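Note that the structure is a prediction, hence the values are computed from the model and not measured.
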Number of protein chains: 2
Amino acid sequence: MRKPLDPDMFDPVCPSELVPIRVGDKWAGLIIQCLEGGPRRFSELRIPLRTVTPKVLTASLRSLERDGFVLRTALPGPVRHVEYRLTPLGRSLLPLLATARAWAETHLDELLTAREAADRAR
Amino acid sequence: MRKPLDPDMFDPVCPSELVPIRVGDKWAGLIIQCLEGGPRRFSELRIPLRTVTPKVLTASLRSLERDGFVLRTALPGPVRHVEYRLTPLGRSLLPLLATARAWAETHLDELLTAREAADRAR
DNA sequence: CGGCATCCCATAGGATACTG
DNA sequence: CAGTATCCTATGGGATGCCG
């Protein structure tokens, strides 16, 4: 049984781009949280990540793999099947990502308000 | 009495660039931690931040100000004097930055080891 | 299915020099 | 002192199309 992913995180209405906290590159944080519930395949990752292109997703996964956050496993068989899973090191980032999410939930609108006011003032 | 800053944070031997956690732009996290101990002037910030150029420091401070993390105050008087201080919103990032630092202290060498191994394998 | 090859562009950020 | 002004480049990331 796989843990469902928080839908808000990928909601274009609340783009993570506005959150001034990033883990790795643009997609790494989301990827790691996608993998929290267990291994995922390449195309499974593309679904919640909607707008990510294969090239960029590959690059991000390779980077995560290189730094020991993610383990890539190509399963044998007639059909091609590749799995990505978190390593313990990758899992060590989960509390941080949860904290970042919590920060965003309680403070992001303050940021937005301040930005709006600053932009209106000039 | 101003709280001394952690020297390791700015040590080129442990460049924060390797830490896959960023708050805002390249310098924002360091700036915020520089301001933790109280208001600082422009040129005071340049000292721990050693390699930052004035242009980039200005840009980062403007961005932090725009988003309500930092308050800029130009004090009156014959000599020019500008102070930067954290707002409550800016302070709300401090626990996050502390967590990031803690992560780096306990896991950064794992990352480095994994990266080294991955680079040697290819 | 799980990518890679190619092209392209915007932006971040650094170097250097100058100023009110 | 606290910035601006210019210029320059690296790279992150997107678009598109092809492949075993």
Side-chain angles (χ1 to χ4, degrees), chain A residues 10 12 15-32 34-35 39-67 69-85 115 122, chain B residues 10 12 15-32 34-35 39-67 69-85 115 122:
Chain A
F10 308 98
S16 54
E17 325 228 339
L18 290 177
V19 182
I21 307 160
R22 295 183 85 182
V23 174
D25 60 29
K26 178 173 180 181
W27 298 98
L30 271 334
I31 292 173
I32 289 171
C34 282
L35 296 176
R40 296 282 187 273
R41 308 175 55 173
F42 189 82
S43 39
E44 280 183 298
L45 289 171
R46 294 189 63 183
I47 297 170
L49 268 25
R50 308 207 146 260
T51 63
V52 76
T53 63
K55 178 203 147 189
V56 173
L57 179 56
T58 301
S60 193
L61 285 168
R62 292 288 182 273
S63 169
L64 287 168
E65 197 189 359
R66 178 185 182 225
D67 287 347
F69 296 121
V70 159
L71 187 66
R72 177 184 180 276
T73 316
L75 294 102
V79 311
R80 201 152 168 207
H81 190 133
V82 176
E83 263 187 7
Y84 294 92
R85 71 179 66 244
R115 180 180 290 191
R122 59 173 17 244
Chain B
F10 307 98
S16 55
E17 324 230 338
L18 290 178
V19 182
I21 307 162
R22 294 182 86 183
V23 173
D25 60 30
K26 179 175 181 182
W27 298 97
L30 270 334
I31 291 173
I32 289 172
C34 283
L35 296 176
R40 295 283 187 272
R41 307 176 56 173
F42 190 83
S43 39
E44 281 182 299
L45 289 171
R46 294 188 63 182
I47 297 169
L49 268 25
R50 306 208 146 260
T51 64
V52 75
T53 64
K55 179 202 144 188
V56 172
L57 179 56
T58 301
S60 194
L61 285 169
R62 293 287 183 272
S63 170
L64 288 168
E65 197 190 359
R66 178 184 182 227
D67 288 347
F69 295 120
V70 160
L71 187 66
R72 178 186 180 274
T73 316
L75 294 100
V79 313
R80 202 158 170 202
H81 189 132
V82 176
E83 261 187 9
Y84 293 93
R85 71 178 67 245
R115 180 180 291 192
R122 60 173 20 242

According to a strict under-4.0 Å criterion, is A/Ser43 in side-chain N/O contact with OP1 or OP2 of C/dG2? yes
Report the distance from atom CD of A/Glu17 to atom P of C/dT11, rounded to the nearest whole Å. 12 Å
Rounded to whole Å, please give me the gap between CG in B/Leu61 and P in C/dG13. 13 Å
Mind calculating the distance between CH2 (B/Trp27) and C1' (C/dG14) to the nearest angstrom? 10 Å
Spacing of A/Glu83 atom CD relative to C/dC1 atom P, expressed in whole Å: 15 Å
Does a side-chain N or O from A/Arg80 land closer than 4.0 Å to OP1 or OP2 of D/dG20, or not? no
Could you tell me how far apart A/Leu45 (CG) and C/dC1 (P) are, to the nearest whole angstrom? 13 Å
When rounded to the nearest 0.5 Å, the distance separating CD of B/Glu17 from CZ of B/Arg22 is 7.0 Å
Is there a side-chain contact between B/Leu61 and B/Arg72 in this structure, where contact means two heavy atoms from C-beta onward sitting under 4.5 Å apart? no
Quick check: does any side chain N or O of A/Ser63 sit under 3.5 Å from a backbone N or O of A/Ala59, one acting as donor and the other as acceptor? no
Residue-phosphate contact under 4.0 Å: B/Arg72 side-chain N/O, D/dG3 OP1/OP2: yes
Go through D/dC1, C/dC1, D/dG3 for me and flag the one nearest to the A/Arg41 side chain. C/dC1
Across the strands shown, which category fits B/Arg46 at heavy-atom distances under 4.0 angstrom: base, sugar-phosphate, nothing? nothing
If you look at every strand shown and take non-hydrogen atoms under 4.0 Å, does A/Val79 touch a base, only sugar-phosphate, or nothing? nothing
Of all the choices, C/dG13, C/dG14, C/dA5, which nucleotide is nearest to the side chain of A/Lys55 once you look at every atom? C/dA5
5'-most contact on DNA chain D (nearest-nucleotide basis), A/Val52 vs B/Val82, goes to B/Val82
Quick one: B/Leu49 CG to C/dG14 C1', roughly how many Å, whole number? 14 Å
Can you check whether A/Arg62 has a side-chain N or O nearer than 4.0 Å to OP1 or OP2 of C/dC4? yes
C/dA12 P sits how many Å from B/Leu64 CG, rounded? 14 Å
The single option from B/Val82, B/Ile31, B/Leu35 that satisfies side chain to side chain contact (heavy atoms under 4.5 Å, CB included) with B/Arg40 is B/Leu35
In whole angstroms, how far is the P atom of C/dT11 from the CZ atom of A/Arg22? 14 Å
Using only side-chain N and O atoms of A/Lys26, determine if any of them is under 4.0 Å from OP1 or OP2 of D/dG14. yes
What's the spacing between A/Leu30 CG and A/Leu45 CG if we round to 0.5 Å? 10.5 Å
